[in-house]
Every structure is written in structure tokens, then in C-alpha cells.
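Beneath this line is the structure, given in C-alpha cells, with notes to follow.
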Amino acid sequence: MLDINLIRNHPEFVAGKLSHKGFEVDFTAFLEQDRQRRQLIKQTEDLKAEKNKTSALIPKMKKEGTDIASVLADMKKISDAVREGDEQLALLEQKQNSFLASLPNLPADDVPAGGKENNQVIKISGEKPSFSFSPRHHVDLVEATGLIDYARGAKLGGSGFWIYTGDGARLEWALLNFFIAEHLQDGYQMLLPPHILNYSCGYTAGQFPKFEEDVFQLKRDDKESFTHFILPTAETALVNLHRDEIIDTDRLPLKYFAFTPCYRKEAGSYRAEERGMIRGHQFNKIELFQYTEPDHSEAALEELVHKAANLVEKLGLHYRLSKLAAGDCSAFMRKTYDIEVWIPSMNDYKEVSSASSAGDYQARRGNIRYRDKVTGKPAFAHTLNASGLATSRIFPAIVEQYQQEDGSILIPEVLQPWMGGQRIINA
RNA sequence: GGAGAAGUAGCGAAGUGGCCGUAACGCGCCGCACUCGAAAUGCGGUUGUCCAGCAAUGGGCACGUGGGUUCGAAUCCCACCUUCUCCGCCA
């Protein structure tokens, strides 16, 4: 949610920033309606003030034995007028809110305008592995070594699901353990949230109402619309932790991380070159999250990016770090860095972590505040998130980048302690 | 799944149709006084949001949420949410 005052005072500025995301909007009609709405508020509130004044007099008049029949009749009229005004206002407000809720976040000043093609590569870490043999696709490798059972995964859940088996399950678990240990060491608090969330959670995160179709919806009994959904990322849970709260400023920044599977419908987005586990309906992810004061969010984003990149680096994987152009950021983010790991078989980099600052956009939607130390007044906090990390692309990257000529796979050193010292997955 | 109880400020809690929502009382917190200092005590302060206004200020709204009854609702009625207790079932 954007600050309505910013739109009132600088509509061209806001429209300009939004156009950097490829979102064209004209605020003229909106602002006119806003003026009308406020005028109506004034009118209705004046009526209410009159009503309150008279209402206070009635018991006194009663006591004095004054005939109040005419007063009561007047009150009835005022009440009706108030009700009519309130009804109109509710309608206007609903219209206004759904318009405001549909606006994306403004990109930060240092975010380049335009789409994907304007993403800026900031850093490339390591080098593309070169093989003295012809490297195999991770799907071939994991099936040959029995790490993943795609066929039975599809039997159980359908296409887009797989089963980690044997060393594959252990490798997956080792990754998660490695991430968790790192985040604990950095002072982040670990959470295991519910995987089923109510509608408000999706709204606060910015996913609803626009992306309702992307999640698995749960209908309750005979209800027509869905009230709950299965979370598409732990971010959706984490951003709602402090919804409708005023956070004790001394506790900021709040640093959390959570492990959850992520459940996504991703309807129609499956592509042939993404066979395997690049894009599934369920994947595991550790999500990092911070609540900060506005002054500290820039530094917090850098910290999150650094943490995520550090994990990939410690795994010894070749990756690149990019700052996304405005149009490639999520609608509700003001700035996003992507960490993409090299997948040899795809001859491409695939996202393993997206580190973003939402600024106060999510905080406005979820009414997440802290008390400003200078003014003593509540103010909107900033929220930031980063994957740390999603395993579904790290896993294939490890398998492909660490594959040996005989089809065996070396286990990255940092994971070995989490696999009982095992160093290699044999062909 | 069944039965019952409850939701009021940071916390506890009073209020059962108008004299009660900057909401009694208690705790906490902040300031001041007393003190060498502290404790104790005393005095004062301590919700959020919206509208108008440069401001001072004035006004509206909020007693879990949403409706309803009424001139008037924390209070009466309906639905929903959450929590607790008991019973049943259960990993």
C-alpha cells in the first residue's frame, strides 16, 4: 500500500515511479473522488456532532419533564441522514482501498527502470565449472544415484512433485541444517510457522488480491470463497507476525528465519527446459526476514544479500548477484537483489535467493508499526526478506557442479558434518 | 465433534441502555516533589486513528470483528473470529 498523502501531494512523481515498473496510471479521477470523499466525511461528521450534542440533552430534558417528541423526531431524521452518509462513505472507501491496494510499490531511487533486460549484474562469484567429460543433466544424475524419485513423486502428488530418497533426503536435510546453523550463529530467531494461513496474511504480504490464483486455496466447509491457503513462501507468514502491532522500538531490528516447504500452483509456467526440480509445486526453503526502522532498512537489505550469497559461496557454487530492474521486482517490493546459481545443463543461472526490501509497503497493508523515538508517534516499520536459501535449485546446482566423470557426486565440505562425514554419493 | 465461559488501554480489572472511553481502581511506565542518594510516599502525566486547520485547536470513530434494534449501545439481539474449561475422538 502506498501513502495516500504522497499521491495527493505528488501524483506525477508517483505515476512516474510506477511507470518505471511498467505500470501506467492516471490519478486524476482518483484524486477527484478523494476530494469528494473527504467532503462527505466532513458533512457526515458534522451531523454526528449535532446528533451527539442533542443526544446528551435528552436525558436532562426527560428529567425536567420537557416534551421531547419533536426532538426525537428530529433525531430520527439526523440518524437517517448519518446512516445514508456512512453507507456512501463505506462504498467510496471500499473503492478507494481496492484501487490503492492494486498499486505496486514504488521502486527505490537506485533501481533501474524497465524490465529484465535492465537488470544489473553486480557480482559474479567463482567460475563456471569446466568438465573434462560431457556433464550430465541433474535429472539423469539424481535418478541414477537414487537421490530423487520423480516417477513415484508424480504418482503421489502429480506432476511437479518429487520424493527425496536415501542420500537425496539426507543431502536435502543437510542443506537445511547448514542454513539453520548459519542463521542461528548470526543471531536470527528461528520460527516454524503454520503452513495454512488465513486470507489477511496474503493481503498484508501483497500477494492478494492480485495473485490469489497462484496459491493453493482452502475452502472451509460450505463457504463459497476461500478463507485459508497453503503458504507459497514463509515470507507470507513472517510478514504477518506483527500485523496490527506497535513493535517496541528497542526490539528493532527484529531478525527471524523460518523453515517451511513452499506450495505453489505456478499454473502454466512449467517449461520443458525446467524439467526436474527447478520449478515444482512444493519445495523447501529457509526464509530470512527483518523488521527495521526506515533508517536501517538499506543496511538490512545489504546484510540479507550478503548472508544469502555467503551460503552459496560456502557451498562452493558458481553464482551471480544482480540488482533487478524495477519491472522485474515483485510488485510489492521497492528493491530486489537476485542470487542465481549456475546450472550447467541449462547453460543458465537460476534464482536461489531473492532479497528484497518492501519499504513500508507491506507495513501499511498490515498496519505494522513501531514508535518513533523522536516524535513518540507510531510509524510504519520497514520489512525485508530474503531466501536463505531455497533448496530446489541449490540441490541440482550441487549435483551438476559437483558431478564426477563416473556419475558420482562429491558432497560440499560444509555439508559433510550434516551427513555423518560422508564425502561422496556413489554412482 | 459436543457443552460451557470469556474477549474493555502495556498488563490486571470495574462498568448490564443516556450521568462511562483521553474508560473507576490496581500494577507498570514517564515527569516533578521529598532525599546526600535510593526505597517508600505525594502530585501530575501516560490509546490509536480519521476529518478540518499553517498552527493553536475543534470535531468524528474505536469496548474481539461485522451486522441489527433504539432518539441513544461496552450494555439488548444475530453471525463470525479468538482464547480458556470440561467431555468425546485422536498422532
Distance-only polar pair, side chains of A:E212 and A:Y199, donor-acceptor under 3.5 Å = yes
B:C19 pairs with which nucleotide, Watson-Crick or G-U wobble, both distances below 3.5 Å?
-> none
Validate the cation-pi geometry between A:K285 and A:F179: distance from NZ or CZ to the six-membered ring centre under 6.0 Å, angle to the ring axis within 45°.
-> no
Rounded P spacing from B:C77 to B:G7 in Å = 14 Å
With a 4.0 Å cut-off on heavy atoms, is A:S55 in touch with a base, just the backbone sugar-phosphate, or nothing at all?
-> base
Mate of B:C84 across any strand shown (Watson-Crick or G-U wobble, both atom pairs under 3.5 Å) is B:G4
Looking only at heavy atoms, the pair that brings A:Y370 and A:P294 closest together is OH-CD, 3.0 Å
Between B:U49 (C1') and A:R364 (CZ): distance, integer Å | 14 Å
Mind checking whether A:F229 and A:Y263 have ring centres under 6.0 Å apart?
-> no
Which sits closer to the 5' end of RNA chain B, A:S79 or A:I246, going by the nucleotide each is nearest to?
-> A:I246
Which whole-number value in Å describes the distance from A:Y199 OH to B:C80 C1'?
-> 18 Å
What is the distance from CZ of A:R83 to P of B:G67, rounded to the nearest Å?
-> 11 Å
Starting at atom CG of A:D80, determine the distance to atom C1' of B:U70, rounded to an integer number of angstrom.
-> 12 Å
Using the C1' atom as the reference point in each nucleotide, state the distance between B:C30 and B:G10 in Å, no decimals.
-> 13 Å
With respect to the side chain of A:K42, which nucleotide from B:A52, B:C71, B:C61 is positioned closest?
-> B:A52
Considering only atom P, compute the distance from B:A56 to B:A62 and round it to an integer number of Å.
-> 25 Å
Specify the residue among A:A56 and A:P378 whose closest nucleotide of RNA chain B lies further upstream toward the 5′ end.
-> A:A56
Is there a donor in the side chain of A:Q207 and an acceptor in the side chain of A:D214, or the other way round, less than 3.5 Å apart?
-> no
Report which part of the nucleic acid A:I41 touches: base, sugar-phosphate, or nothing (heavy-atom distance under 4.0 Å, all strands).
-> sugar-phosphate
Once you round it to whole Å, what is the distance between P of B:G10 and CD of A:E245?
-> 12 Å
Using the C1' atom in both, what is the distance from B:C25 to B:A13, to the nearest Å?
-> 8 Å
Within this structure, what is the NZ-to-P distance between A:K53 and B:G72, rounded to whole angstrom?
-> 18 Å
Salt bridge A:R136-A:D140, side-chain N to carboxylate O under 4.0 Å = no
For B:C51, take OP1 and OP2 only and decide whether either is under 4.0 Å from a side-chain N or O of A:R8.
-> yes
Are a donor atom and an acceptor atom from the side chains of A:R37 and A:Q96 found within less than 3.5 Å of each other?
-> yes
Tell me which nucleotide among B:U69, B:C51, B:G60 gets nearest to the side chain of A:R37.
-> B:C51
Side chain of A:A49: nearest nucleotide among B:G48, B:C71, B:G60?
-> B:G60
For A:N52, report the nucleic acid contact type (base, sugar-phosphate, nothing); a contact means any heavy atom under 4.0 Å.
-> sugar-phosphate
When both distances are under 3.5 Å in a Watson-Crick or G-U wobble arrangement, the nucleotide paired with B:G10 is B:C27
Remember a base hit wins even if backbone is also touched, and classify A:R35 as base, sugar-phosphate or nothing at under 4.0 Å, heavy atoms.
-> nothing
How long is the line joining CD1 of A:I368 and C1' of B:G48, in whole Å?
-> 17 Å
What's the CD-C1' distance between A:E45 and B:A62, to the nearest Å?
-> 13 Å
So, is A:R371 close to the B:G48 phosphate, meaning a side-chain N or O under 4.0 Å from OP1 or OP2?
-> yes
Has A:R369 got a side-chain N or O lying under 4.0 Å from the OP1 or OP2 atom of B:U49?
-> yes
